[in-house]
Amino acid sequence: MAAWVVGGCPVAGLVAQEVECDLQFVPVAQERSALETRSTRGGGSLSLPFLDDFASPTFASDEGPAELVRWTDGSARRTTTYAIDPPTIGVATLDGLRANGFPYAFNEDATGWADTLTSVPVNLAGRTPEDDIYLTFFYQGGGRGNAPDENDSLVVEFFAPDGGEEFGWSQVWSVTGAEMDTFALASVHVDQLIHLQDGFRFRFRNHGAQAGNVDLWHIDYVYLDDFLDPDNLPRNDLAFVEVPHAMTAPYSVMPWTHYLTNPATFIADSARSEHRNLRPFADNVTTGFKVKNTATEVEVDFLNPYSEPNVPANSAFSMGYYIQEPYVENGLELIPASGFTFEDADNDTAATFEVSFYSDVTGDITQGVVGVPDNDSIVFVQSFRNEYAYDDGTAEKAYGLTTGGGKLAVRYDLAMPDTLYGLAIHFTPYYNQQTNLNFLMRAWADDNGVPGEEMGENYLFHQPAYFTDGHDVFAYYEYDNPIPVEGTVYVGMVQEMDFSLNIGLDKNTDYNFTRVHYQLGLGAEWVLSTIQGTVMIRPVLQAGVDDVFVAVEEQDNASVASALEAWPNPASGQLTLGWSGMDRPVRWSLADLSGRTLDAGLWPLGSDRTVLAVADLPRGLALVVIESADGRRTTRRIALH
């Protein structure tokens, strides 16, 4: 049977497989208007030059310093993981999502105007066409996300203040969609007298699919100034393009108690930062990184002893940081290892550090431009808490299996014995919220490099959960009972239906090939994933803390289960279910141990028992699941013979 495809992702009625989908964000309960999310910028119009490389909080909705604000609209978003090799770190991304993360139209066929990125007013009063004022910027279609097709477009519009909001905007530049892995440079001449006034503005808009995180455009290094030659722009800037997201390896997050068993083992041997010299001349570059303990405020500086001499003008280059291993060339140790490790957390169970990468060269172009900081450093937060993670916390795509009974397992090698309490999973909505689809929690021991014997007994059904308080939020799911674990453990799930659950897929790390196994139904072999990226499933451990994770409603499973009786057990022709609990059941179901529903129905109104016909169901172990009116589920294991 051929797979059906919606927006590039297979859906129902398809061949069993693992799939990768473009990311969609969950709807919010109440949409806030642009005025409600916008902060007010005072002080009148900006003077030239206007510059933004999107490395700082320059959107009005960012609620950053007023002097940094360059954009009044918040429907576009500032991202650091979607674009490929941008001119500088941080870009503005336009797509089919509103500012709140909800699609403009929850319809795969809907197309039209989507995001808008509008500048603050700029004072061009008294200027003439001979002043050679140009708007220049870099743009890229798609990047690591979904690319716009040939029917889509990115446009630039200029605002003539005398025309007002209704008639003042006119289109002055456009480009049609295409998949791009590099950035192109565009320039637009501001030479019309109707634009050369105080209160001039410009804006970017994209026309394409309105159904979510599709048809992406990325914009970087927006520059508006006078007396410009577009073919020879004075970009005197040496900027970061990309930095590591963690100093630990292979885990981006791990428990502090586990890390302390052997700190050097979990620190990366080396790291690299990517840079671009946008200056018109060569220069020498020295870099380093600083680590600040957020609890003690102690900061340590690791100046890189290696300098990159004579970096060519207008070129990209990398800088190495030799942390646990020295740099050796032809048998000679040219750069010693820094020996850096995180330490002195001032806490027995958790720690947080701010890691700042910096360079010693700054861009001359920003000097004297109010509110534009030098692009010479970038900061990320390194956290140690009671979970393990490979991913960097962002989902560029969605991952799923498309077969009922499909199992997904992620391998983690634990530093010390502990107790497994649950999983943190990021589910990514994709056109439809999958809250009615069931899965069972699973944990497996290691069997020579593949998932082996199941650990613990987990019969409670769970469903994907979505949140309206931000992007990339993880839901926490508890195992039926805590599971003692040590050494290598595999964690994951078995799904009930032939629908992808759309788990977050981080495309900036790549551990699927070596850490993620899947199984397409009972009796199938475990197979290593072939999809590039990292599935966003994290084991949550005791790790010495009292409150394991975000509080969830607890129930006494033993007492609730005692309200459900099933006889005879084993059963052959009929199975009687009895209920003595306070909350009346509303629904029952029978499922096999893979999570596939065998039969289901409504509980008889006002009755304390019901009789099920089970003669035609598959023989073997099964689960009885009773759902009450408040959504609670009670499960009992039975045998059919």
Side-chain angles (χ1 to χ4, degrees), residues 246-269 324 341-353 382-391 407-425 440-460 462 474-494 509 511 514-517 526 528 534-552 554 557-558:
M247 297 296 284
T248 50
Y251 304 115
S252 57
V253 180
M254 66 182 302
W256 182 245
T257 53
H258 289 224
Y259 166 79
L260 290 178
T261 60
N262 193 345
T265 301
F266 299 106
I267 295 294
D269 292 336
Q324 294 299 314
T341 58
F342 293 101
E343 55 188 23
D344 298 330
D346 197 35
N347 190 307
D348 293 335
T349 59
T352 303
F353 300 86
Q382 177 84 52
S383 296
F384 293 87
R385 51 183 184 267
N386 61 314
E387 59 181 322
Y388 276 88
Y390 297 114
D391 63 86
K407 298 179 182 179
L408 181 64
V410 185
R411 172 176 175 155
Y412 287 90
D413 300 310
L414 307 182
M416 61 182 289
D418 211 315
T419 302
L420 177 64
Y421 272 78
L423 298 179
I425 307 174
L440 293 167
M441 305 272 283
R442 286 289 182 264
W444 299 268
D446 179 57
D447 183 10
N448 294 317
V450 298
E453 182 180 0
E454 287 188 11
M455 305 171 67
E457 295 184 343
N458 295 281
Y459 306 128
L460 294 178
H462 302 273
F474 283 76
Y476 174 61
Y477 298 90
E478 287 187 313
Y479 284 96
D480 291 12
N481 294 289
I483 303 172
V485 289
E486 62 179 314
T488 298
V489 61
Y490 297 81
V491 299
M493 64 183 68
V494 53
T509 58
Y511 288 97
T514 58
R515 305 295 200 279
V516 174
H517 291 76
W526 285 104
L528 272 171
T534 301
V535 172
M536 298 171 71
I537 297 178
R538 303 175 171 185
V540 179
L541 304 163
Q542 179 73 48
V545 303
D546 295 327
D547 297 321
V548 170
F549 206 72
V550 178
V552 295
E554 296 182 355
N557 288 326

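Just so it is clear, the values below take in all heavy atoms, side chains as well, and ignore hydrogens, waters and symmetry mates. Residue numbers run from 1 in the order of the sequence given.
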> In terms of ring plane angle, is the pair Tyr251 and Tyr412 parallel, tilted or perpendicular, where the classes change at 30° and 60°?
Replying inline: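 Ring orientation, 0 to 90° scale: parallel.
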> Under 30°, 30 to 60°, or over 60°: which ring-plane class applies to His258 and Tyr388, parallel, tilted or perpendicular?
Replying inline: perpendicular
Provide the closest heavy-atom pair for [X] versus [Y] in the form atom of the first, atom of the second, distance.
| X | Y | value |
| --- | --- | --- |
| Arg538 | Arg385 | NH1-NH2, 3.3 Å |
| Gly452 | Asp447 | CA-CB, 3.6 Å |
| Ala445 | Tyr490 | O-CD1, 3.8 Å |
| Val540 | Ala424 | CG2-N, 3.8 Å |

[X] side chain to [Y] main-chain N or O, any donor-acceptor pair under 3.5 Å?
| X | Y | value |
| --- | --- | --- |
| Tyr259 | Phe342 | yes |
| Asp418 | Ala543 | yes |
| Asn386 | Leu541 | yes |
| Thr534 | Tyr511 | yes |
| Ser383 | Thr352 | no |
| Ser252 | Ala389 | yes |
| Gln382 | Met247 | yes |
| Asp446 | Gly449 | yes |

> Going through the distances and angles, do Tyr421 and Gln542 end up as a side chain to side chain donor-acceptor pair (under 3.5 Å)?
Replying inline: CA-CA 7 Å; Tyr421 272 78; Gln542 179 73 48; 2.7 Å; yes
>> Quick one, Met455 with Val485, criterion side-chain contact (heavy atoms from CB on, under 4.5 Å). Give me CA distance, side-chain angles, the key distance, then yes/no.
In response: CA-CA 9 Å; Met455 305 171 67; Val485 289; 3.7 Å; yes
>> Please evaluate residues Thr488 and Asp413 with respect to the criterion side chain to side chain donor-acceptor pair (under 3.5 Å), reporting the C-alpha separation (whole Å), side-chain torsions for both, the decisive distance (0.1 Å), and the verdict.
In response: CA-CA 4 Å; Thr488 298; Asp413 300 310; 2.6 Å; yes
>> My understanding is that only residues two or more places apart in sequence, or in another chain, count here; which of them pass side chain to side chain contact (heavy atoms under 4.5 Å, CB included) with Ala249?
In response: Ala268
>> Just to verify, which of Asn458, Ile425, Leu423 counts as forming a side chain to side chain contact (heavy atoms under 4.5 Å, CB included) with Met493?
In response: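 Running side chain to side chain contact (heavy atoms under 4.5 Å, CB included) over Asn458, Ile425, Leu423 with Met493 returns exactly one hit, Ile425.
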> How far apart are the C-alpha atoms of Val535 and Leu408, what are their side-chain angles, what is the distance that settles it, and do they pass the side-chain contact (heavy atoms from CB on, under 4.5 Å) test?
Replying inline: CA-CA 10 Å; Val535 172; Leu408 181 64; 4.2 Å; yes
Could you state the interatomic distance from [atom1] ([X]) to [atom2] ([Y]), rounded to the nearest 0.5 Å?
| X | Y | atom1 | atom2 | answer |
| --- | --- | --- | --- | --- |
| Gln324 | Thr341 | CD | OG1 | 7.0 Å |
| Asn481 | Leu420 | CG | CG | 11.5 Å |
| Leu414 | Glu486 | CG | CD | 9.0 Å |
| Met416 | Thr261 | CE | OG1 | 7.0 Å |
| Tyr479 | Glu457 | OH | CD | 14.5 Å |
| Met254 | Tyr390 | CE | OH | 10.5 Å |

> Going through the checks in order, is the side-chain contact (heavy atoms from CB on, under 4.5 Å) test met by Trp526 and Trp444?
Replying inline: CA-CA 12 Å; Trp526 285 104; Trp444 299 268; 3.9 Å; yes
> In terms of heavy-atom contacts, does CG of Asp348 have more than 12 from other residues, nucleotides or ligands at under 6.0 Å?
Replying inline: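 Count not over threshold, so no.
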>> I want to know whether Trp256 and Phe384 have ring centres closer than 6.0 Å.
In response: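 Yes, the ring centres sit under 6.0 Å apart.
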> Can you list the steps and then say if Leu460 with Met441 is a side-chain contact (heavy atoms from CB on, under 4.5 Å)?
Replying inline: CA-CA 8 Å; Leu460 294 178; Met441 305 272 283; over 6 Å; no
